[in-house]
Amino acid sequence: MSLFGKVEAEIEIKASAYKFYEVNSKRVAEAPKFCPNFIQSVDLVEGEWGQEGCVVCCYFIFDGKAVMSKEVMEAIDDKNHSVTFKVIGGILMELYKSFKFVVQATPKGEGSLVRWTLEYEKLNVDDPESNTMLEFAIGVTKDIDTHLTQCVCVK
């Protein structure tokens, strides 16, 4: 077994690729409004909201517990509707040596296809793969999609 791992999932949603991407890049502070079942709050620690290099602390419910993840928005790609978050502190650093989330939304018909890629290095060879965190990302995606397609969202 390797210490390095990568898990991926694709989820078809009804919301447009741009709207979904915007929530994950420019409107991160509003995440609790979009997916209150998962994310409790997001605080800006350093930099400017929605800018590469900004650091945020995300407080969320994971595996039934309230936890925190400190992340830097490492890359924002407006053209490809992609955002990369590198975890630098919190619960995931207790389980992994390194951890990155890459989320990309691609137009598909009336909606879009969201691809989550989780790249990580485990602390120990015998540690499990990150399927639980991938399921969390899928749940967040579904909640955001529901909010974007069933609510009149005011900016």
Side-chain angles (χ1 to χ4, degrees), residues 3-11 13 15-105 112 114-124 127-149 151 153-155:
L3 288 173
F4 294 94
K6 181 177 177 179
V7 292
E8 296 179 297
E10 287 187 340
I11 307 102
I13 63 171
S16 76
Y18 179 77
K19 282 185 179 182
F20 185 84
Y21 160 75
E22 185 180 46
V23 169
N24 287 286
S25 59
K26 315 265 186 267
R27 300 175 71 187
V28 176
E30 298 175 60
K33 179 175 81 174
F34 290 102
C35 43
N37 297 321
F38 295 94
I39 300 176
Q40 297 172 312
S41 66
V42 181
D43 298 333
L44 182 66
V45 176
E46 186 178 308
E48 293 183 38
W49 286 111
Q51 298 296 313
E52 284 184 3
C54 76
V55 177
V56 298
C57 281
C58 183
Y59 297 89
F60 58 99
I61 304 298
F62 181 67
D63 245 0
K65 298 177 211 152
V67 297
M68 183 273 294
S69 178
K70 188 174 184 181
E71 304 168 6
V72 61
M73 198 176 282
E74 193 174 67
I76 302 171
D77 184 340
D78 289 333
K79 182 181 176 190
N80 294 306
H81 302 128
S82 174
V83 183
T84 301
F85 296 92
K86 179 181 177 183
V87 178
I88 58 173
I91 186 72
L92 293 173
M93 292 293 90
E94 295 173 16
L95 305 169
Y96 300 94
K97 187 173 182 179
S98 65
F99 203 101
K100 276 188 188 183
F101 294 92
V102 180
V103 58
Q104 180 177 19
S112 55
V114 174
R115 173 185 285 276
W116 282 95
T117 305
L118 281 53
E119 301 171 356
Y120 52 88
E121 182 180 357
K122 298 186 274 186
L123 292 172
N124 301 297
D127 288 344
E129 303 301 319
S130 189
N131 293 318
T132 307
M133 187 50 72
L134 188 61
E135 289 300 318
F136 176 86
I138 291 168
V140 165
T141 300
K142 290 177 180 178
D143 274 14
I144 291 171
D145 184 44
T146 298
H147 186 85
L148 289 172
T149 57
C151 297
C153 301
V154 179
K155 287 188 179 183

Point-to-point distance, once rounded to the nearest 0.5 Å, from [atom1] of [X] to [atom2] of [Y]:
X	Y	atom1	atom2	answer
Glu10	Gln104	CD	CD	9.5 Å
Phe4	Ser98	CZ	OG	6.5 Å
Tyr59	Asp43	OH	CG	5.0 Å
Tyr96	Leu3	OH	CG	12.0 Å
Asp145	Cys35	CG	SG	11.5 Å

Closest heavy-atom pair and its distance - [X], [Y]:
X	Y	result
Leu123	Lys97	CD2-N, 3.7 Å
Gln40	Ala66	OE1-CB, 4.0 Å
Leu44	Glu46	CD1-O, 3.4 Å
Leu118	Leu134	CD2-N, 3.7 Å
Gly50	Ile76	O-CD1, 3.2 Å
Ser16	Ser112	C-OG, 3.7 Å

Next on the checklist: Please identify which of these residues, Thr149, Val23, Val114, meets the side-chain contact (heavy atoms from CB on, under 4.5 Å) condition with Ile144.
Outcome noted: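 Of the listed options, the one satisfying the test is Val23.
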
Checklist entry - Relative to the ring of Phe99, is the ring of Phe101 parallel (under 30°), tilted (30 to 60°) or perpendicular (over 60°)? => result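 If you compare the ring of Phe101 with that of Phe99, the planes turn out tilted.
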
Next on the checklist: Parallel, tilted or perpendicular: which one describes the rings of Phe34 and His147, with boundaries at 30° and 60°?
Outcome noted: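 Ring orientation of Phe34 relative to His147: perpendicular.
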
Next on the checklist: Is there a side-chain contact (heavy atoms from CB on, under 4.5 Å) between Phe85 and Met73? Walk through the geometry before answering.
Outcome noted: CA-CA 5 Å; Phe85 296 92; Met73 198 176 282; 3.6 Å; yes

Checklist entry - Please, which pairs that meet side chain to side chain donor-acceptor pair (under 3.5 Å) have at least one residue in residues 69-79, sequence neighbours excluded? => result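 For residues 69-79, and leaving out neighbouring residues, the side chain to side chain donor-acceptor pair (under 3.5 Å) pairs sorted by first residue read Tyr21-Asp78, Lys26-Asp78, Ser69-Glu71, Glu74-Lys100, Asp77-Asn80.
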
Checklist entry - Taking C-beta and beyond as the side chain, do Phe62 and Thr132 meet within less than 4.5 Å on heavy atoms? => result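 Yes; the side chains approach each other to less than 4.5 Å.
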
Next on the checklist: Applying side-chain contact (heavy atoms from CB on, under 4.5 Å) to Ile138 and Lys142, what does each step give before you reach the verdict?
Outcome noted: CA-CA 6 Å; Ile138 291 168; Lys142 290 177 180 178; 3.7 Å; yes

Checklist entry - Does Val42 have any side chain to side chain contact (heavy atoms under 4.5 Å, CB included) partners at least two apart in sequence or in another chain, and if so, which? => result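 Once residues adjacent in sequence are excluded, the partners of Val42 under the side chain to side chain contact (heavy atoms under 4.5 Å, CB included) criterion are Val28, Ala31, Pro32, Ile39, Trp49, Val56, Cys58.
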
Next on the checklist: Test side-chain contact (heavy atoms from CB on, under 4.5 Å) on Tyr120 and Leu95; report intermediate values, then the result.
Outcome noted: CA-CA 10 Å; Tyr120 52 88; Leu95 305 169; over 6 Å; no

